[in-house]
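Every chain is numbered from 1, with letters handed out A, B, ... down the list of sequences.
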Amino acid sequence: MTDRPQASARALDGELLGRLDRRRPGLLVGSLASGVLVLVFFYCWGYQIANGIGVTGINRPVFWGFYIINFVFWIGISHAGTLISAILRVTKAEWRRPVTRSAEAITLFALAIGGLFPLIHLGRVAIFYYMIPYPNSRMLWPNFRSPLVWDIAAITTYIIGSALYLFLPLIPDAAVMRDRAAAGLKKRFYAVLALGWRGTAQQWHSLEWGIRILAVAIIPVAVSVHTIVSWDFAMTQTPGWKSTIFGPYFVVGAIFSGIAVLMIAMALLRRGLALERFLTDRVFNNLGLLFVTMSLVWGYFTFAEHLTVWYSGDLFEKLVHHVLLHGDFAVPFWTMVVVNLVIPVAVLSFPRGRRPLPTALVGCGVLVGMWLERFLIVVPALSTPRLAYSIGDYMPSWVELGIMIGAVGVFACLYFTFTQLLPIVSVWEMREGWRHAVSGGESGQPSEAAPTSAAASPAAGGGAA
Amino acid sequence: MTAAAQDHLVEAAFESVEDVRSAVEAALDSGVAASQIEVRSPAPLEEGELPLAKPKSRVLLFALSGAVLGGLTAFGLAAGTALAYPLPTGGMSIVAGPPVGVVTYEGTALGLIIMTVLRVLWEGGLLPGRAIRSGRGRPSDFDRHVAEGRLVLRIHGLTESGAEELRELCRPRTVALG
């Protein structure tokens with residue numbers, strides 16, 4: 001080992017800790033601004049609880065409106081983290097290190113919000129407990145043959161798994177924050193989170209085993225969650241929903257929208273926290289390649305889905321197909337195709353397009369496109385049923401719009417708050433990567449962004465002994 | 001000699017794994033048992049980087065046990081509740097394979113995940129109320145060095161003269177000594 005890479009790694013270590021210690025007014029402003037949207041969210045929900053589900057635009061025959069669209073959308077976003085982070089961990093991709101924590105946090109917060117939408121859709125929120133399996137007085141259990149009950153099982157598993165998958169690798173970093181904090185409330189907070197972590201060989205060994213097992217276990221859980229969400233649709237006889245490829249189609253869409261959020265979050269973090277030396281161009285390039293791949297896979301599934309419907313000649317299926325491609329929903333449909341397929345392929349196919357700003361902008365477009373995709377799955381199919389006399393329109397009310405926009409605020413508020421309180425870049429994983437790079441094991445960050453050894457002063461290294 | 005006389009502790013912080021390795025080798029050569037040595041690091045160390053035995057872990061065993069337990073519980077819930085209150089639906093079986101399979105699958109995953117995390121916390125002495133054996137894992141003033149990215153070597157159960165001798169061995173490479 002040479003002195004220079006060692007010093008470079010120490011300097012980067014000190015710089016990362018310095019970035020995490022620094023107070024960031026931008027994040028505070030972000031938290032407060034999103035806090036306003038949180039109020040909008042709870043006001044609208046409270047208004048609906050007080051006045052009943054009639055305040056929404058949901059009515060016969062469109063019984064599933066914005067709430068179920070947003071449920072599917074947010075559950076899809078939740079695939080950002082756990083799935084992407086787990087796949088990158090399992091494949092030992094070195095460039096994952098600055099990305100994983102952010103991705104896992106996105107998963108947990110998106111999942112929490114997504115899980116709220118079925119409760120909001122219930123109208124009478126309190127009757128949620130009917131779905132919980134417990135031996136009640138009349139021995140009436142939830143009907144496990146219903147895909148809606150599978151949803152409960154899958155989402156419960158996924159949210160517990162995602163929370164633990166975020167928490168477990170966070171323990172060593174909470175200990176870092178604890179040992180660097182001055183005595184007081186902050187130190188006590190981190191001490192509770194760190195659970196007495198000291199960094200002994202036994203602790204690291206057990207933690208590595210745990211993360212490895214969770215990473216492998218969480219991938220099939222994530223796949224199952226969105227597959228089961230798709231079955232909420234595919235298990236019905238509704239034209240436009242009865243499809244055998246809905247499971248993989250939903251999973252692909254979920255990963256695609258998850259990467260979109262991740263790209264936006266990473267670009268914001270890079271700029272907001274000045275993390276250019278950690279969230280390097282290489283990270284964006286690799287995520288951009290993954291992004292364009294998912295765009296093409298999504299395009300393939302969309303084509304396959306619509307081709308089989310068109311070719312089938314089934315009257316009711318073709319009716320839904322017609323309103324999508326040529327009828328009332330043609331504008332959102334073709335917008336979706338452009339922002340989900342044409343623009344990502346046109347921009348991300350070139351190295352210049354896989355930089356932070358272009359990828360974030362493409363990500364914004366994809367989010368719109370994926371929301372439209374969920375809208376186009378739910379509304380056209382329900383508003384074009386088999387029985388001609390029940391054809392009807394759907395127009396969301398201000399309550400539904402308020403809850404939808406407010407949910408974005410809840411997500412942003414949770415994410416900003418998390419970023420302010422805890423290291424959004426995993427310190428110990430970065431250190432592990434630098435150690436690998438220093439020992440020549442794999443190419444890591446120092447080789448890309450190695451400062452000169454002169455910069456590696458004791459202060460840059462994190463303080464004198 | 002009393003137990004208190006053999007309870008001296010040497011703590012030293014190092015910048016690199018190579019320095020810790022040299023210090024550990026020197027300590028082992030001077031007659032210190034491997035069980036008296038503890039190394040705290042800011043990131044996991046590769047196997048064989050230090051001349052100490054690799055820790056043992058039964059996380060995988062517990063994870064698999066949790067999977068079996070969770071799977072059986074979920075199967076019992078899905079199949080048992082269907083039998084407890086049979087709802088005949090269009091000639092379909094009361095205990096239908098695919099729905100029971102889906103619920104069992106999720107239960108298996110949930111059991112595996114929960115048992116994995118509990119075992120990791122147990123093995124690391126991180127569960128509240130669990131006694132931390134033989135002084136390992138106790139807070140130390142040197143924990144701050146680990147937070148700053150250094151490695152800390154702790155050797156306990158030493159006599160006063162033994163501790164002083166080890167401090168002299170560590171001194172050339174260490175950035176802090178106690």
Is A:Gln202 reaching over with its side chain to a backbone N or O of B:Lys56, donor-acceptor style, under 3.5 angstrom?
yes
If I compare all heavy atoms of [X] with all of [Y], which pair ends up nearest, and what's the gap?
X	Y	answer
A:Val221	B:Ala109	CG2-CB, 3.3 Å
B:Glu106	A:Ile228	OE2-CD1, 3.6 Å
B:Leu112	A:Ala217	CD2-CB, 3.4 Å
A:Arg431	B:Gly149	NH2-N, 3.2 Å
B:Pro42	A:Trp428	O-CB, 3.5 Å

Interchain contact, [X] with chain A, by part (heavy-atom threshold 4.5 Å):
X	result
B:Ala78	both
B:Val102	side chain
B:Ala63	side chain
B:Tyr105	side chain
B:Glu46	both
B:Thr104	neither

First locate atom [atom1] of [X], then atom [atom2] of [Y], and finally report the distance between them rounded to the nearest 0.5 Å.
X	Y	atom1	atom2	answer
A:Trp204	B:Ser57	CH2	OG	14.5 Å
A:Trp209	B:Glu123	CH2	CD	10.5 Å
A:Arg180	B:Asp143	CZ	CG	14.0 Å
A:Arg212	B:Leu60	CZ	CG	9.5 Å
A:Leu168	B:Leu126	CG	CG	9.0 Å
A:Ile160	B:Leu110	CD1	CG	5.0 Å

Region of A:Glu208 that comes under 4.5 Å of a non-hydrogen atom in chain B:
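Only the side chain of A:Glu208 comes within 4.5 Å of chain B.
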Relative to chain B, which segment of A:Ile211 carries a heavy atom at a distance below 4.5 Å: side chain, backbone, both, or neither?
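Looking at A:Ile211, nothing touches chain B.
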Atom CZ of A:Phe189: over 12 foreign heavy atoms under 6.0 Å:
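Yes.
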Residue A:Lys242 excluded, over 12 heavy atoms near NZ under 6.0 Å:
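For A:Lys242, atom NZ is not crowded (no more than 12 foreign heavy atoms under 6.0 Å).
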So, applying side-chain contact (heavy atoms from CB on, under 4.5 Å) with A:Leu164, which one of B:Leu118, B:Ile113, B:Thr116 is it?
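Exactly one option meets the side-chain contact (heavy atoms from CB on, under 4.5 Å) with A:Leu164, and it is B:Ile113.
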Most chain A-contacting option - heavy-atom pairs closer than 4.5 Å, from B:Ala84, B:Ala13, B:Pro44
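Ranked by heavy-atom pairs under 4.5 Å with chain A, first place is B:Pro44.
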Positions in residues 142-154 of chain A that reach chain B, provided some heavy atom is under 4.5 Å away
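The list, in residue order, reads A:Phe144, A:Arg145, A:Trp150, A:Ala153, A:Ala154.
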